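Worksheet: the structure to be examined is printed underneath.
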Number of protein chains: 2
Amino acid sequence: MTQRMNTEARREQIACAALGLLAERGSEGFNIAELAESVGLVPSAVYRHFEGREDVLGAALDVFRDRVYALVDAARNEAENPLMALELLLTRHAKLIESGGAVPHIMASMDVPGGRADRRAKTQGIFRGYVARVEGLVRDGQDSGQIRSDIDPTSAALLFAGLIQPAVQLRHAEGERFDITAHVARVWELFRRAVGRD
Amino acid sequence: MTQRMNTEARREQIACAALGLLAERGSEGFNIAELAESVGLVPSAVYRHFEGREDVLGAALDVFRDRVYALVDAARNEAENPLMALELLLTRHAKLIESGGAVPHIMASMDVPGGRADRRAKTQGIFRGYVARVEGLVRDGQDSGQIRSDIDPTSAALLFAGLIQPAVQLRHAEGERFDITAHVARVWELFRRAVGRD
DNA sequence: TCCTCATGTGAATCCACATTCACATCATAA
DNA sequence: TTATGATGTGAATGTGGATTCACATGAGGA
């Protein structure tokens, strides 16, 4: 038998693995059997820790939310000023995409229509929260004078989000041939010209 | 019995209906029973005209591709110059989103990972084609001097695509409360400042 | 040591769909 | 008018995957 674990640790482990599968296969291809195998369990064991498939997906999204928000907060804390925080955030997104990390990948493909209503609501909430945080950075940038004050912060935040989303798709289509780091560097210049105060 | 149709017309009708359902439910929620009902047929009748579910989805994506490309080409033909073509294209995307039209909706939520390999390849091909067309507009804009020539056309095209994608998500989350037309007008100004030659 | 509860297992079930099939019906051409 | 092929129908059938269940096992306390 597999090494036993208390349910709290197991839940966390399963949720993380689920996030990985979700990023890899999408919610359509996500299935319990593969999830169980990826953590060295038998499918039925998953039900010791979760109500069911939807519950697992919900937990995976919670992990996702925490990671995304942590990414923004880290960039905010580590950078010298709001504009540099945005740049740092952008390059970190790019790195995650390059390494196959789940976060921005899911953010981009976030099933707009798919899935149950409550799951949809959750993903949308996560996205709103992300945008709100970026919006906060934009406001700070406006206060510090780096970002033009006549710009609508929400628009700027959505523009920022849009710097990555299409790149993720293209990355998926082209694979290695599409250099996401270089792309991000270029669109960052465009973004700065769009919102910057020079 | 339902009114008979020759298989060509029926295929087209079914493919269009399938695209609608795809936009509404996503590929995860898409099912033959609902599709059949939406065109007034019984599920098994669908198999008179298609090999199976994947075949239907493929046909729906063909319709999708044609519509998207037609949208770009129309904007290109109707506008006076490349920059105005991009603006026209953007506002038309916005209108479609507002009216619940499927096109940009699917473009945004385009299952990056989900689905069978061949279906994925198809959606990616459509996206690449879209980007390539926008890229062509950008090049034209550079030739005509409206767009800075030191900009990478691919980057600009992806930035353009990114103007809409996040907006679609937010629109879905906020519903009517999010005024997509107004948003698009604002990000267009940002886009123009980013790529324009003034 | 023995009890008991939490966790893990393998073998059923269940279920939502896709898919198939034998038959009905209509259009049309001879 | 009748024969034939194309299209539609309803009732099976098949199937992948989620979920349940009876049982096994190991860890920790009495």
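Note that the structure is predicted; figures quoted are calculated from it, not measured. All chains are named by letter (A, B, ...) in the order of the sequence lines, taking the proteins before the strands, and each is independently numbered beginning at 1.
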Distance, rounded to the nearest Å, where [X] contributes [atom1] and [N] contributes [atom2]:
X: H49(A); N: dA6(C); atom1: NE2; atom2: P; answer: 12 Å
X: M5(A); N: dT9(C); atom1: CE; atom2: C1'; answer: 17 Å
X: E28(A); N: dA18(D); atom1: CD; atom2: P; answer: 13 Å
X: N6(A); N: dA27(D); atom1: CG; atom2: C1'; answer: 12 Å

When you check the gap from the basic side-chain N to the acidic O, do [X] and [Y] get nearer than 4.0 Å?
X: E8(A); Y: R11(A); answer: no
X: D62(A); Y: R65(A); answer: yes
X: E54(A); Y: K122(A); answer: no
X: E34(B); Y: R25(B); answer: yes
X: K95(A); Y: E98(A); answer: no
X: E189(A); Y: R186(A); answer: no
X: E78(B); Y: R92(B); answer: yes
X: R128(A); Y: E174(B); answer: yes

Distance test, side-chain N/O of T7(B) to OP1/OP2 of dA6(D), below 4.0 Å: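 Result: no.
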Once you measure the plane-to-plane angle for H93(A) and F160(A), does it fall in the parallel (<30°), tilted (30-60°) or perpendicular (>60°) bin?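 Tilted, since the angle between the ring planes falls between 30° and 60°.
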Per the end-axis method with five pairs at each terminus, what is the bend angle of the helix from dT1(C)-dA30(D) to dA30(C)-dT1(D), to 10°?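 For the helix from dT1(C)-dA30(D) to dA30(C)-dT1(D), the axes at either end differ by 10°.
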Determine whether the side chains of R10(B) and Q13(B) contain a donor N or O and an acceptor N or O closer than 3.5 Å.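 A donor-acceptor contact under 3.5 Å links the two side chains.
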Can you find a side-chain donor-acceptor pair between E135(B) and T154(B) that sits under 3.5 Å?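 The criterion, which ignores hydrogens and geometry beyond distance, is satisfied for T154(B) and E135(B).
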In the 5'-to-3' direction, what one-character label does each nucleotide of nucleotides 17-27 of chain C receive under the scheme B = base within less than 4.0 Å of a protein heavy atom, S = sugar-phosphate only, - = no such atom? SSBBBB--BB-
Which parts of residues 8-17 of chain A get close to DNA chain D, meaning a heavy atom less than 4.0 angstrom away?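 Heavy-atom contacts with DNA chain D come from no residue of residues 8-17 of chain A; none.
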